[in-house]
Each structure stands twice: as structure tokens, then as C-alpha cells.
Amino acid sequence: MTISESTAPATGAPSPDALMQLMQGFQASAILRTGVQLGVFDRLAEGDATAAEIAAQTGADERGTRILLDALSALGLVAVDGEHYRLTPLSAAFLVSSGPMYLGELTRIFSADHLWQRFQRLDEAVRQGGAVTDDHAETPMHPWWEDFAASVGGLAGGAAPGIAELLAPWASKRDPLDILDVACGNGLYGYTLALQNPQARVWSLDWPNVLTTSRGVAERLGLSDRVEWIPGNMFEVPLGGPYDVVLMSHVLHHFDEDRCVELLRRAAGVLRHGGRLVIQDFTASGDDPERDLAARLFSVIMLVWTRQGEAHSLPRLARMLAAAGFAAPEVHPLPHMPTRVLVAERALP
């Protein structure tokens, strides 16, 4: 009797295949990250190639390259025809570094060594209810935020135009259009809005070591003369203002409800009459586990990386906004993105 026969489940019994895939999930992440690191997808963007040809160009072992390529093909990231490999539509769209929607740099975030090390202590984080390491997301000037700002170009580049489009009819009528981008990272959210509105100015707030990246992006986009920088802790640094738009992209998931309300009240205090608060984040509907897969898995990252953060549900976000003095938000999906955008005004007195 073969192994497959001996382990085949009885008719109607559940198969262990999905469970095995979950157990091997870390391998899939490592395979993808290695493909990006070795430039496999960029090489295949030039045309079909054999394992020997890719190995020669990347300086890797031929056998090791073949095994990697076969694994990538099993994951649907490479197609194979005989001895030749080629890109699939998925990898061609998102894993070629010259592409407008390149997401390969995100492997530096979601497959980062520091996260893998934290996940090895997930059981401790579950017992404690948050990060168990001395350093975490709120550690001032944490160097990981520099990597984050440098690596999210594809993710921000996909979402920022959608946010600007949502605001376009309203924003075009505001003159001036003053924008505060809280925890701005690479700055693309505020800068994209500014590029579409010549009357706009942007104040980019983040840790000083992160603002080095946003300064470079502003210079590259020709916006340096329309951007000011606010270095420091977003809960403590003077925010200036008033502003027409306050952007909070991927911010609130780092904190519990009370801390989020505290930050949202700071935002409310610097918004002009008729101004808009714009939140982009992983959000859960709260009643559909399959639909909420991205948000629920992201919450586990927050469990090991933050003290009390998680991907908040839409009902909880609405409750936070109300507590901070905002009206009920408009909720918008972003095409091809795992996040939603919430747009809220200050509630009338």
C-alpha cells in the first residue's frame, strides 16, 4: 500500500490538505521573499528562461534555483513549460520592480525577521494580550519604521490615488487646502492629494528618522516647497493647523479604543469647519470571518508587535469617531486593496 493510499481519508471525511498548507505557511513566505531577493521576477520579466539561465544571472546554484522555481510554480507565482519558466499574471502585475503596483518590497515588512521572531512567541503574546518584547511599535524612533517607510511604495501607490479620487470633488473647491498627514511614512498619501490640487500644502508628521524618507519622496515629486515636516510623537507634538484634511493611514490599528479616541480628538481639534478626517486601515465587518480574513490575520501581527493594537471593526471605529466628536463616517472600499477608507466630518454642535 502506498503512502497516499494509507493516508487517504474515508469518503466524506475531511482532508488534511488545508491543515498541511497552514503548517507550511512560513515556507511560502520564505519562498516568496527569496524570489524577490534574488531578482527572479525581474529576470523573468525579460522573457522565459531556464533554471540554469536564471542561476547564471543571479549567481545562485542551478539545482537550488530549480527547486525555488518549482516551489514558486506550485504557489502560482511562476508558470513552467518544459524546462522554461515564465511569469504568471499575478507576478507580472505585482512582483516586477519596475511596475507601478510593485509589492515585492512588502516582503521586507510582512516577512521581516523581527516579525518572524515575534511570532515564535505568539503563545506568550496571547497569554499577555500584547507584545512581550522590550521594543514594540510605540518605541520612539524604532529603526523598523525606516524600513516600513521605504518599503510601502507599492501599497501606498495603490491606495493614495483612490483616496485622492474620493476627495477630488470636495477638495478642488477648498482654497487653500491644508493637509496634515499623521504618521505619514513615505508621505505618498498627502503628496498624491497635493499633486492633484495645486492650492494644497502638506504637513507631514512622523518620527525624525522616518521623515528622512518622506523628505526624499517630496523632493522627487517636486513638492518640497509645499511641504512642512512635524517631527515627533503624534500624541504629544503640537499639531499646528487648522487643516482642511487630516489623514490617518494605517495608524489606528496600533492602539486600543481609548488611545484611538485620544488621537482622534487631537485631529478634531485642528480641523477647520467643514474639514475632513480620512482614515485608511484594515477593518473588519465584524460578522463575516471569510470576508474579514485580511483584517483578522493582521490583528495577530498587531498582537505580537503592539501593546494593545488590532484591526478594529467598522462598528468600533464608528463608536470611536462619535466619542471624538465626529459624525457617522462614509465608508468606501478601495479597488484591489485589502483596506477601507472612512471619511468623517466633525459633528454639528
Side-chain angles (χ1 to χ4, degrees), residues 100 153 155-206 214-215 217-230 234 237-252 260 263-281 283 314 317-318 320-337 339-349:
L155 191 63
I163 293 173
E165 184 178 349
L166 283 174
L167 295 176
W170 169 83
S172 64
K173 299 174 184 176
R174 305 284 290 198
D175 191 2
L177 181 68
D178 293 331
I179 303 162
L180 173 64
D181 192 351
V182 178
C184 67
N186 62 18
L188 268 179
Y189 296 102
Y191 303 158
T192 300
L193 190 55
L195 286 172
Q196 296 191 13
N197 295 276
Q199 79 281 20
R201 291 185 59 83
V202 181
W203 280 257
S204 296
L205 188 165
D206 216 313
S214 54
R215 286 176 187 272
V217 174
E219 183 176 352
R220 175 172 59 82
L221 296 175
L223 289 171
S224 295
D225 61 338
R226 291 202 278 148
V227 179
E228 302 287 342
W229 287 272
I230 304 176
M234 58 189 161
V237 69
L239 299 180
Y243 301 101
D244 301 277
V245 180
V246 175
L247 296 171
M248 289 188 184
S249 182
H250 296 295
V251 174
L252 297 181
C260 287
L263 188 59
L264 290 170
R265 283 176 175 158
R266 296 203 84 204
V270 296
L271 267 176
R272 287 193 176 107
H273 177 71
R276 300 287 193 272
L277 170 70
V278 181
I279 297 168
Q280 188 217 177
D281 219 323
T283 60
L314 290 174
L317 285 166
M320 293 175 190
L321 287 165
F326 288 94
E330 299 175 1
V331 180
H332 303 272
L334 284 175
H336 312 298
M337 301 295 294
T339 55
R340 293 183 178 96
V341 176
L342 285 72
V343 181
E345 295 184 60
R346 291 184 64 178
L348 295 175

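Computed from a prediction, not measured in an experiment: that's the story for all the values here.
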message: Could you check whether any side-chain heavy atom of Val341 comes within less than 4.5 Å of a side-chain heavy atom of Leu334, counting everything from C-beta outward?
response: yes
task: Working to the nearest 0.5 Å, report the span between CG of Leu317 and SG of Cys260.
output: 7.5 Å
message: For Pro176 versus Asp244, what's the shortest heavy-atom pair and its separation?
response: O-OD2, 3.2 Å
field: Gap between atom OG1 of Thr192 and atom CG of Leu167 - 0.5 Å precision
entry: 11.5 Å
query: For Leu239, does its backbone N or O pair with a side-chain atom of Tyr243 as donor and acceptor, under 3.5 Å?
result: yes
message: Pair Val246, Val270 - check side-chain contact (heavy atoms from CB on, under 4.5 Å), show working.
response: CA-CA 8 Å; Val246 175; Val270 296; 4.2 Å; yes
task: Check whether any side-chain heavy atom of Ser172 sits under 4.5 Å from a side-chain heavy atom of Asn197, and report yes or no.
output: yes
Main-chain N/O of Leu277 paired with Arg346 side-chain donor or acceptor, under 3.5 Å: no
- line: Residues Ser214 and Trp229: closest non-hydrogen pair is OG-NE1, 3.5 Å
query: At their closest point, which heavy atom of Asp206 faces which heavy atom of Gly185, and how far apart are they?
result: OD2-N, 2.9 Å
- request: Grab the two heavy atoms, one from Ala171 and one from Leu177, that are nearest each other, plus how far apart they are.
  value: CB-CD2, 3.9 Å
- prompt: Any donor and acceptor pair, going by atom type alone, linking the side chain of Arg226 with main-chain N or O of Ser224 inside 3.5 Å?
  reply: no
- prompt: Can you name the closest pair of heavy atoms from Gly274 and Glu345 and give their distance?
  reply: CA-OE1, 4.1 Å
task: Please report the closest heavy-atom contact between Arg265 and Ala323, naming both atoms and the distance.
output: NH2-O, 3.1 Å
field: Any Met248 side-chain heavy atom under 4.5 Å of Leu264 side chain
entry: yes
- request: Please answer whether the main-chain N or O of Arg174 pairs with a side-chain N or O of Gln199 as donor and acceptor at a distance below 3.5 Å.
  value: yes
task: Check for a donor-acceptor pair, side chain of Arg201 on one end and backbone N or O of Glu228 on the other, with a separation under 3.5 Å.
output: no
- prompt: Does Val251 reach the side chain of Met234, with side-chain heavy atoms less than 4.5 Å apart?
  reply: yes
- prompt: Under the 3.5 angstrom rule, does the side chain of Asp181 hit a backbone N or O of Ser204 as a donor-acceptor pair?
  reply: no
query: Checking Asn186 side chain against Leu188 main chain: does a donor-acceptor pair fall under 3.5 Å?
result: yes
message: Quick check for you: to the nearest 0.5 Å, what is the distance between Leu342 atom CG and Arg276 atom CZ?
response: 13.5 Å
statement: For Asp178, the side chain to side chain donor-acceptor pair (under 3.5 Å) test, sequence neighbours excluded, returns Arg272
- request: Would you mind reporting whether Val202 and Leu223 have side-chain heavy atoms less than 4.5 Å apart?
  value: no
- line: When rounded to the nearest 0.5 Å, the distance separating CG of Leu205 from CG of Leu180 is 6.0 Å
query: Considering only heavy atoms from C-beta outward, does the side chain of His250 approach that of Tyr189 to under 4.5 Å?
result: yes
task: Answer whether the closest heavy-atom distance between the side chains of Val278 and Leu166 falls below 4.5 Å.
output: no
- prompt: Given side chains that start at C-beta, do those of Phe326 and Leu271 come closer than 4.5 Å, heavy atoms only?
  reply: yes
